[in-house]
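Notes follow the structure.
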Amino acid sequence: MFALVLSMGMAVLAGGLHHQAAASERRLPTSDAEIKMSFSPLVKQTAPTVVNIFTKKVVTSRPANPFMNDPFFSQFFGNRFGGAFGAPRQRIERSLGSGVIVSPDGTIVTNRHVIDGASEIRVVLHDRREFDAKLVGADERTDLAVLKLIDVQDALPTLKLGDSDDVEVGDLVLAIGNPFGVGQTVTSGIVSALARAGVTGQDYQSFIQTDAAINPGNSGGALIDMNGDLVGVNSAIFTKSGGSNGIGFAIPVNMVKVVMRGLISGDLRRPWLGASGQTVTADLARSLELERPGGVLINAVHPQSPASRAGLKAGDVVIAVNGLEVDDPNGLRFRIATLEAAGDAVLTVLRDGKKQDISVPLEVAPETPARDETVIGGRNPFGSAKVANLNPALADELGIDTLITGVIVLEVPGNSLARQARLKPGDLITEVNKTRIGSVDDLKKALRKGEKGRNWSIAVKRDGKILTADYTL
């Protein structure tokens, strides 16, 4: 019995010595096969380029007037007595997020919503150094922003920008950020889908979807591939609980590159195609005698647009931009938006069943006609509203169809006659007292004529529907 116990003890001792020897011989993976066994070398290479961002924002609020919840008082007095129930109060709101160092001088790319409205921005590096940062520029339409660290003395590590067009479903990726403010965290997963849209309110959506855990605080952090390249900026999660449910979204790095360069130069310009269309569904594909559904059927082309000059026509089906497939109008908009406003883009189209390439010049949307932004005065249903002529440039800024023309409502102040008439920003004014409205000048003339009486009849287009109303003022 003693011999048996002794031999077992020697075996355990030998096992322990073997384990210590193996631990001392650990080394970094040197082959592709070995590197897939551990993400450690990749994390060591990329983690120093991802930062934590902390912001402060001063918010001013006023104690609520209890009578303003009563429809009777609200109708007759509005907010006239809102200040009588207490002085304005200020509070500090704090938020957190992540960012990626893209230049040795301390240039950082992050999400716009991470720093929106911030009065102070503090950045903490991977090595715990802290810097104040200033905002270089932000783009609401893509939810991207660029920061610059202040008083950087030494060159900082940077993350190489990859090519998101090379990303495929099933690729391994790492997400690095600061979830819930616990500190830098690395999660792994795969690319679970591409070209996801309808996720947020931004105009240009073609997200990379991943099951790598992304949580609040990861926004602005890095999504990297197995080469250690940045392929996306983590932006949003799909959740009902506030935590990760296995579906996260990142802005493709090819969009990040264009926006970043524009914000740094102070001249962010997007190309304008000047054509609109619809997704080619299975039913539509059969009616068009196409082999399979996919692409964008062009319905209309602006007569002064680059698309028109290039020869694009209603009835053409756009299937690719510069060799990259497009499946729907959102994908077409995204592909054009990731290009610089210079040179040409090659659109592959199907026309009469035959495939052909069309070279389209990449130009910004024009300011024609002039916006003529005007605040409406006088006693009429549009009183105090700001209106403008809708041109392609303005339509592009507002994220609406650039082929729409007319007079659009931009702002409706509180307690204004326009607010009482229930007008909303985005309304397209079509008629005033049975007079068609095509320009701001048309509207001014109709209002001057109408103010000779008290009765008003107006029509506006909202969400594709014509709404009419009659007023007596």
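Here the side chains of Val387 and Ile376 are in contact, with some heavy-atom distance below 4.5 Å. Looking only at side-chain heavy atoms (C-beta outward), Val349 and Leu312 come within less than 4.5 Å of each other.
Scanning for side-chain contact (heavy atoms from CB on, under 4.5 Å) contacts around Asp127 gives Leu125, Arg129, with sequence neighbours left out. Take Thr402 and apply the side-chain hydrogen bond (donor to acceptor under 3.5 Å, both in side chains) test, not counting sequence neighbours, and it matches Trp272. In this view, Thr430 satisfies the side-chain hydrogen bond (donor to acceptor under 3.5 Å, both in side chains) rule with no residue, not counting sequence neighbours. The side-chain contact (heavy atoms from CB on, under 4.5 Å) test applied to Asp463 returns no partner, not counting sequence neighbours. Scored by the side-chain hydrogen bond (donor to acceptor under 3.5 Å, both in side chains) test, Glu411 finds no partners at all (sequence neighbours excluded). Every residue meeting the side-chain contact (heavy atoms from CB on, under 4.5 Å) condition with Thr468, not counting sequence neighbours, appears here in chain and number order: Ala459, Ile466. By the ring pair (Phe, Tyr, Trp, His ring centres under 6.0 Å) test, His126 pairs with no residue at all, sequence neighbours left out.
Legend: salt bridge (Lys or Arg N to Asp or Glu O under 4.0 Å) pairs involving residues 151-168, not counting sequence neighbours, sorted by first then second residue: Asp165-Arg335. Identified under the salt bridge (Lys or Arg N to Asp or Glu O under 4.0 Å) test for residues 251-267, with sequence neighbours left out: Arg261-Glu340, Asp267-Arg269. For residues 345-368, the salt bridge (Lys or Arg N to Asp or Glu O under 4.0 Å) pairs, not counting sequence neighbours, are Arg309-Glu363, Asp316-Arg351, Glu367-Arg371. Screening residues 388-407 for ring pair (Phe, Tyr, Trp, His ring centres under 6.0 Å), with sequence neighbours left out, gives no hits.
Looking at Asn234, its side chain never comes within 3.5 Å of a backbone N or O of Ser219 through a donor-acceptor pair. Side-chain N or O atoms of Asn389 include none that pairs as donor or acceptor with a backbone N or O of Pro369 at under 3.5 Å. Side chain of Arg419 to backbone of Lys424: no donor-acceptor contact under 3.5 angstrom is found. Although no hydrogens or angles enter the test, the distance criterion places no donor-acceptor pair under 3.5 Å between the side chain of Asp229 and the main chain of Gly162. Distance alone, capped at 3.5 Å, places no donor-acceptor pair between the Thr279 side chain and the Thr281 backbone. Under the 3.5 Å distance criterion, the side-chain polar atoms of Ser287 are matched with a main-chain donor or acceptor of Leu284.
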Report, one line per pair, each donor and acceptor closer than 3.5 Å where one atom sits in a side chain of residues 96-105; sequence neighbours left out.
{"residue": "Ser98", "atom": "OG", "partner": "Asn178", "partner atom": "N", "Å": "2.9"}
{"residue": "Ser98", "atom": "OG", "partner": "Gly217", "partner atom": "O", "Å": "2.8"}
{"residue": "Ser103", "atom": "OG", "partner": "Asp105", "partner atom": "OD1", "Å": "2.8"}
{"residue": "Asp105", "atom": "OD1", "partner": "Thr107", "partner atom": "N", "Å": "3.3"}
{"residue": "Asp105", "atom": "OD1", "partner": "Thr107", "partner atom": "OG1", "Å": "2.9"}

Test salt bridge (Lys or Arg N to Asp or Glu O under 4.0 Å) on Asp132 and Arg122; report intermediate values, then the result.
CA-CA 5 Å; Asp132 289 324; Arg122 190 73 173 169; 2.8 Å; yes
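Between Ile121 atom CD1 and Leu149 atom CG the span is 10.0 Å, to the nearest 0.5 Å.
At a cut-off of 3.5 Å, with distance as the only test, no side-chain donor of Asn52 or Gln184 sits close to an acceptor on the other residue.
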